[in-house]
Number of protein chains: 6
Amino acid sequence: MRPSKRAADELRKVTLERAVARYAEGSCLVSFGETKVLCTASLEERGPPWLRGSGKGWVTAEYAMLPRATHERTRREVNSGKPSGRTQEIQRLIGRSLRAVTNLPAIGERQITIDCDVIQADGGTRTAAITGAWVALNDCFAWMQKRSIISVNPLRDHVAAVSCGIHQGVPVLDLEYAEDSTAETDANFVITGSGGLVEVQGTAEGKPFSEAEFLELLRLAKTGVGSLVALQKQVLAGSAA
Amino acid sequence: MRPSKRAADELRKVTLERAVARYAEGSCLVSFGETKVLCTASLEERGPPWLRGSGKGWVTAEYAMLPRATHERTRREVNSGKPSGRTQEIQRLIGRSLRAVTNLPAIGERQITIDCDVIQADGGTRTAAITGAWVALNDCFAWMQKRSIISVNPLRDHVAAVSCGIHQGVPVLDLEYAEDSTAETDANFVITGSGGLVEVQGTAEGKPFSEAEFLELLRLAKTGVGSLVALQKQVLAGSAA
Amino acid sequence: MRPSKRAADELRKVTLERAVARYAEGSCLVSFGETKVLCTASLEERGPPWLRGSGKGWVTAEYAMLPRATHERTRREVNSGKPSGRTQEIQRLIGRSLRAVTNLPAIGERQITIDCDVIQADGGTRTAAITGAWVALNDCFAWMQKRSIISVNPLRDHVAAVSCGIHQGVPVLDLEYAEDSTAETDANFVITGSGGLVEVQGTAEGKPFSEAEFLELLRLAKTGVGSLVALQKQVLAGSAA
Amino acid sequence: MRPSKRAADELRKVTLERAVARYAEGSCLVSFGETKVLCTASLEERGPPWLRGSGKGWVTAEYAMLPRATHERTRREVNSGKPSGRTQEIQRLIGRSLRAVTNLPAIGERQITIDCDVIQADGGTRTAAITGAWVALNDCFAWMQKRSIISVNPLRDHVAAVSCGIHQGVPVLDLEYAEDSTAETDANFVITGSGGLVEVQGTAEGKPFSEAEFLELLRLAKTGVGSLVALQKQVLAGSAA
Amino acid sequence: MRPSKRAADELRKVTLERAVARYAEGSCLVSFGETKVLCTASLEERGPPWLRGSGKGWVTAEYAMLPRATHERTRREVNSGKPSGRTQEIQRLIGRSLRAVTNLPAIGERQITIDCDVIQADGGTRTAAITGAWVALNDCFAWMQKRSIISVNPLRDHVAAVSCGIHQGVPVLDLEYAEDSTAETDANFVITGSGGLVEVQGTAEGKPFSEAEFLELLRLAKTGVGSLVALQKQVLAGSAA
Amino acid sequence: MRPSKRAADELRKVTLERAVARYAEGSCLVSFGETKVLCTASLEERGPPWLRGSGKGWVTAEYAMLPRATHERTRREVNSGKPSGRTQEIQRLIGRSLRAVTNLPAIGERQITIDCDVIQADGGTRTAAITGAWVALNDCFAWMQKRSIISVNPLRDHVAAVSCGIHQGVPVLDLEYAEDSTAETDANFVITGSGGLVEVQGTAEGKPFSEAEFLELLRLAKTGVGSLVALQKQVLAGSAA
């Protein structure tokens, strides 16, 4: 039995709230249960220096946690002078995931920066961030289309992400903190709307896992991402941001 | 006429929402119009090293803005390796303001860290932060009393803050960004519930201001803080956090 | 009775010595009693990047203390990798104070950097620095006029500063370290030659102060700055630097 | 056809040279073709602070490249003041991989630091590092056993790693730089001697990959790691380091 | 002919002014012509960690230049986050030079920090600093003796330093900036009162120098240091600091 | 008797191995006994900014030690955020030594960076580095000549370096770590093929040294550098790199 009484393949309650940041070109407050991440998309008219003259744009991401998003207060990274290794790993992952479904030349020589700030953390912040960031990015592109900055939406597909893990010997979907901190194996999957794999990461925290276990985690993830993409479609259908 | 059509001595709509952060001992989401600051109070059982053996506790504050709290995206300070001079000035101000109404020995050798994270910025973030931080700190002390960690509430008085300025020659209360960025004089006042002055800061942005003008700003601030303290009392009366 | 036996409204012995740094375009060694600050003005032909093309110049300031300016040796800030929050607050204050009386377009696209290095510290270093910096800046502008780099002196007025405080319940002018470290309220005033207010900062160190007390501090400061501006005029009248 | 004319499932020539660093408790120079990594294991009698009193030891890793290990000279990370995100990701991966096969309590409260310094880089440096680091760690444990610091070898199993990727549509094993830099999908697998999975990482560089493709990469990796573990056994059998 | 019309073996006018810093245990303002360095000695009751329990004390030095000590303003090192290589070289040199004539166990487990701050720089700042630092250190030890902190003066000998160089083919003593910046060879010598060599540093700026030239520089340095030590003795004889 | 049984004027076994780094334009692995330094020369088509438009090139050097080059593991400097003072001193010394024998205009506006990475450290790493760096630099210039980037070799002479010291009262050549760490005087000499002095550095670790002792160290160094230059000539004569 999971601490939350959820079934092994059951997501937490997920919500995607659009247009939550007054000044951003696109934004989304995503929650996976008690995990809450504010995602904003900011358009900058100047692309990164290494793309100058290429005609291509760029999508990048930054990630941070508010100090008291967590059970115990976490020291601000600015006070240690640099983002931690974990922060850098996560922001590189979010950026790569979004770029995998973006037609970069269709942006022109511009940059979109996605800021993912964790307001509350109960496990799965990086996968929630990717899922919400896609909505913020999509609304930013809609904003640009409305102003004729671009003519077509550069997004080629949806992308969403979910964590899985082996908890007390059982493969489960969408771990909350209580499960995550004691799981034997921890995995994150980033998958597109059409089922393509973008990122697959599995880590044995204690003893190694078997191929069969890993395939079960992958199966759970595909189901979970299916639901997340359906929700993304539903909130976009609701009304323009 | 002010851009917002407010009267010269009229505050923006102010709200104080308690218990907004699941894990913090006290929290408050304060809004002054479109300015929104999330304030959390975190109890640490260990006080700062310089108070070891003194029997006294400490209250300190940290302040930051989300990158897209502002009209244009602001670079994260972690990427420049240290908090800016402005950030440090503000966090020192918030800490001093709260300590001025706190009986530090009544906390015991513990530290309360108040985190003020600006979710959206439309002028007056530091004064909103002080006003909301007092509520978070009060709720943290209530949490500690409920658990018999302390026996009396160490707060001796309310404290709240407001900005004033001279805009197009007219002294006005509680400047929003559009006014603030063009004001000739900018002032911040931190005042207690019983009307004592804790911090007074006035700065000529262009030409110097006169003593008479400064006294009018002080008069406006006292009225404004009166309303803010009344609101603090009202939200505390509502129900326990 | 004050530790120094001075009357409540009595300044320490103040001296302003010009042309003390062989290579600087303007310089002044200011002492307020045992507090000694070396102020130099350095002309750079290139203004800051954000004013490029504006036709305007800039005046900025840096501030530091020699490690053994103080009773106990202070660690050099270079060893902690960045200026402290206090240092940044002070250098921003000095810069704003000087710019408030400077006609920036009259400088052309150049920058004057004022370095204020505290040789000995006995309280009131920031206000002494502002008072001496004005002399160094004035002599730098004279140097530029002599070489026809500018045609008129860009200074529109004098500016000087003084600290005040409430010490053992009595409002007093120009606190030395022994008073400053035990004062209940600490205030700094930056005032022009014609009596305009440029910066007003009052801080309760312990209990809040009243409006009446604050007005008495302001009255003392106006008297003190009057004497300081008179001294600035006298040393300029002496002879060209 | 691969640039190196290798078959899709063919490793580069791999060598493991033991006892290459005179002062280290264990060391191994590993080469995967032109990729060369010097791995040293250093025993420190003091474990990390967070394990004090736990009776457990720790294995950690650091990774760096010599500036001219690469085709173009790379700037030293010390000059930018901190390890890059990529470096941190890699050193966390190496540490986790080794800890997954180590019985930490059997080390006692000590720390082994594995330094992996890339002398020459032609793709796959992190997987070569893990493969060589295991040998260095094993020799360090042998050194400790010989001196009766520990009684049994804390290693529970072998561990080795290899990269795979999809290059011009074909899944291939052990990519060299020329393939790696143009691969559509890039994956790293860390696998134990008994076939358990420790880390699985797959990244789409361009278009997403399918589950079938991913399973083929996993199959290649298992074959490759099988050969690497066999080589580890062979060099250990040779003679004591 | 030297720019200053001095003879090849002629020092600039050298002065050593004692007791110039009110709060320091020892201090000396040294000038070699227009080069002026303020040296202070600060007693700390706690020695460095690596000498704990050894019964020995330590003498260390820090060095910095005021930004406008030089012809062109120099950027403060705090703004680049760390002391430059040149600064570190110089402060290590000053510390070694003083320790070479100090009986460290006679200090007890304490540390003396010598701060050498260059007020004005016209060449030879490091050698002037060493010469003045010895006086400050001696006065600090006298201060300690007077208070019975130590019973004998730990200084075993005088130490002083001077620069030499080959300028337009001619070996000359005590270079000022105009000579130093165009010298072909630049050397610094640190020599004790009894003629022992403590540091010898010679650097070819352009073409290599011969052994004969180097010996002539050494001869000049010995003469120069002789005069500097005589001056140290004379100022100490004057009166107690 | 020296720990190694060498005669006072006897070098350790010295080897110079060329072309050891596949991607560098020039490289040399130098060993002085157990001290091993990998030197690579990297051509960059862009010179340093301060030489833009001068027609001159530049040679610069960087130096580092692998963490376990030493008897005890040394912390990586990247983890303290900056190169240590010792590292900076050494890299400045290597760069100056090479530039002293290089015709900078003959390089054109390009930069050669010499990386000296200490693989194993048993004393004398900086002098070994200079000796090997000259070979790497020479091979880089040969590489450039072969590709007609330059027409003549910009090296005007050989340069090599050796350490000397007074160990148990006896002047000895080429100290290994066991001698170096207990030597009373430590000196480094950088000398050209034709016997010109480039750098002379002597430091008393304990008591001062006499002029006679210093001259004996210089005599030993000249002999040692003579042998090193002969070896450089011999390895170049062997065959083209």
Side-chain angles (χ1 to χ4, degrees), chain A residues 19-29 31 33-46 60-84 87-88 91 111-122 136 140 176-177, chain B residues 19-29 31 33-46 60-84 87-88 91 111-122 136 140 176-177:
Chain A
V20 292
R22 187 181 181 81
Y23 307 121
E25 284 75 33
S27 63
C28 178
L29 177 64
S31 24
E34 290 295 337
T35 289
K36 295 178 187 175
V37 186
L38 177 58
C39 307
T40 59
S42 296
L43 169 65
E44 288 165 78
E45 274 302 321
R46 219 166 49 158
T60 187
E62 297 194 1
Y63 169 97
M65 276 206 196
L66 295 197
R68 199 54 197 280
T70 44
H71 289 73
E72 302 292 317
R73 183 176 186 273
T74 313
R75 187 178 145 85
R76 280 175 203 269
E77 297 196 337
V78 68
N79 292 330
S80 60
K82 57 185 178 194
S84 70
T87 291
Q88 293 188 54
Q91 48 200 19
Q111 176 165 299
I112 316 294
T113 301
I114 307 292
D115 286 289
C116 300
D117 286 273
V118 179
I119 304 295
Q120 204 164 275
D122 189 32
C140 176
E176 60 201 61
Y177 179 74
Chain B
V20 292
R22 187 182 180 81
Y23 306 121
E25 284 74 33
S27 63
C28 178
L29 177 64
S31 25
E34 290 295 338
T35 288
K36 294 177 188 176
V37 185
L38 176 58
C39 306
T40 59
S42 296
L43 169 64
E44 288 166 78
E45 275 301 320
R46 219 167 51 159
T60 188
E62 297 195 0
Y63 168 97
M65 277 205 195
L66 295 196
R68 200 52 197 280
T70 43
H71 289 74
E72 302 293 317
R73 182 174 186 275
T74 313
R75 185 179 147 83
R76 279 176 205 268
E77 297 195 340
V78 69
N79 293 330
S80 61
K82 58 184 179 194
S84 71
T87 290
Q88 292 188 55
Q91 49 200 20
Q111 176 165 299
I112 317 295
T113 302
I114 307 293
D115 286 290
C116 300
D117 286 273
V118 179
I119 304 294
Q120 204 165 273
D122 189 33
C140 176
E176 61 201 61
Y177 178 74

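Numbers restart at 1 for each chain; the letters A, B, ... are given by sequence-line order, proteins then strands.
Shown here is Tyr177(A), whose OH atom has no more than 12 heavy atoms of other residues, nucleotides or ligands within 6.0 Å.
If you measure heavy-atom distances from Asn79(B) to chain A, the contacts under 4.5 Å come from the side chain alone. Heavy atoms of Thr70(B) lying under 4.5 Å from chain A belong exclusively to its backbone. Heavy atoms closer than 4.5 Å to chain A are found nowhere in Gln88(B), neither backbone nor side chain. Interface residue Thr40(B): only side-chain heavy atoms are found under 4.5 Å from chain A. When heavy atoms are compared at a cutoff of 4.5 Å, Glu62(A) approaches chain B by way of both its backbone and its side chain.
The shortest distance between side-chain heavy atoms of Tyr23(A) and Asp122(B) falls below 4.5 Å. Put simply, the side chain of Ile119(A) reaches to within 4.5 Å of the side chain of Ile119(B), judged on heavy atoms.
When each of His71(B), Lys82(B), Glu77(B), Glu44(B) is checked for heavy-atom pairs under 4.5 Å with chain A, His71(B) comes out on top. With chain B as the partner, the residue from Gln120(A), Glu72(A), Arg76(A) showing the most heavy-atom pairs under 4.5 Å is Arg76(A).
Checking side-chain atoms of Thr113(B) against main-chain N and O of Ser42(B) turns up no donor-acceptor pair under 3.5 Å.
Of the residues Arg73(A), Arg68(A), Arg75(A), the one that meets the salt bridge (charged side-chain N to carboxylate O under 4.0 Å, His left out) test with Asp115(B) is Arg73(A).
Closest non-hydrogen pair, Ala41(A) versus Cys140(A), comes out as CB-CB, 3.6 Å.
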